[in-house]
Amino acid sequence: MAGLAEVLARPSLEVAPALLGATLRHRTPEGEVAVRLTEVEAYAGADDPGSHAYRGVTRRNEVMFGPPGRLYVYFTYGMHHCCNVVVGTEGTASAVLLRAGEVVEGVELARSRRPGSSDRDLARGPARLCKVLAIDGRHNGAELSSGDLTLTPEDPVPAEGVATGPRVGLRDAADHPWRFWLRDDPTVSTYRPAAPLRRRRTPPA
DNA sequence: AGTTTGATTGGCT
DNA sequence: GCCAATCAAACTC
């Protein structure tokens with residue numbers, strides 16, 4: 001199995017499928033939870049209209065422009081965190097969104113962080129994955145494999161075990177098949193096309 | 001400076 | 001299937 005830095009140094013479209021089956025582990029004082037990645041999405045940087053990096057550096061996305069091997073965590077919908085692994089070479093702002101996984105260690109702790117969830121759904125979705133791993137804004141910019149967070153790559157999954165399709169929830173650049181998942185894995189999230197424009201909440205006059 | 005939207009989720013019809 | 005929650009970033013004056 002290749003080392004982490006070696007795996008992450010490649011373009012996001014190559015790194016994304018290579019991360020399927022890898023394990024992301026977070027140690028906290030309460031204990032440890034590990035998730036085996038089953039679904040990811042590639043984001044190609046400044047040229048990718050679907051990427052947060054598309055419009056250049058901002059305070060939110062600056063971590064994406066830094067060196068690979070760090071976590072890019074963003075806050076969305078006023079309540080959720082989602083996390084990416086920064087990949088490629090410094091300055092390319094490419095990243096891989098971790099969309100879903102299977103909890104393979106610390107199941108009880110994971111359950112306590114998402115009460116009421118079935119085990120299958122514990123990390124089935126990008127915000128759920130962050131929740132069971134207790135990843136939030138404090139981990140934005142955190143280096144992997146040098147502290148509480150560890151990302152352990154696995155040997156590549158055979159090509160026939162990997163499925164690809166359009167990225168989820170994007171209005172722009174949704175047509176590229178840059179989402180990768182383990183075929184037939186029950187913890188892969190259900191595909192939802194981009195949310196149609198929400199109806200105005202402003203009441204009529 | 002005010003408005004709209006979002007790499008989502010959970011709850012209800 | 002539809003919709004609200006809830007806030008920061010992006011977009012429009």
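We name chains A, B, ... by the order of the sequence lines, and we start the count at 1 in each one. As the structure is a computational prediction, the values presented were derived from the model and not from experiment.
Residues from residues 122-137 of chain A placing a heavy atom under 4.0 Å of any atom in DNA chain B, listed by number, are A:Gly125, A:Pro126, A:Ala127, A:Arg128.
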Just the atom pairs and distances: protein N or O near nucleotides 1-3 of chain B's N or O, under 3.5 Å.
none

Polar-atom pairs under 3.5 Å, protein N or O versus N or O of nucleotides 11-13 of chain B: list them with distances, or write none.
none

Got a list of protein N/O to nucleotides 11-13 of chain C N/O distances below 3.5 Å?
unit_1	atom_1	unit_2	atom_2	d
C:dC11	OP1	A:Arg55	NE	2.8
C:dC11	OP1	A:Arg55	NH2	3.4

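For B:dG10 and C:dA9, the P atoms lie 24 Å apart once the distance is rounded to whole Å. Using C1' as the reference atom, C:dC3 and B:dT5 are 16 Å apart when rounded to the nearest Å.
In summary, of the residues considered (A:Arg128, A:Arg99, A:Arg183, A:Arg167), a salt bridge (charged side-chain N to carboxylate O under 4.0 Å, His left out) with A:Glu39 occurs for A:Arg99 alone.
With centres under 5.5 Å and a plane angle under 30°, the ring of A:Tyr43 is stacked against the base of B:dA7.
Put simply, the side chain of A:Tyr74 and the base of B:dA7 share a donor and an acceptor less than 3.5 Å apart.
In DNA chain B, stems built from 3 or more consecutive Watson-Crick or G-U wobble pairs, each with both distances under 3.5 Å, span B:1-6 with C:7-12, B:8-12 with C:1-5.
Counting only heavy atoms from C-beta on, A:Leu170 has its side chain closest to B:dA7 among C:dA5, B:dA7, B:dG6.
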All N/O donor-acceptor pairs, side-chain side in residues 9-19 of chain A, below 3.5 Å, sequence neighbours left out:
unit_1	atom_1	unit_2	atom_2	d
A:Arg10	NH1	A:Glu14	OE1	2.1
A:Ser12	OG	A:Tyr43	O	3.1

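Between A:His52 atom NE2 and A:Met64 atom CE the span is 7.5 Å, to the nearest 0.5 Å.
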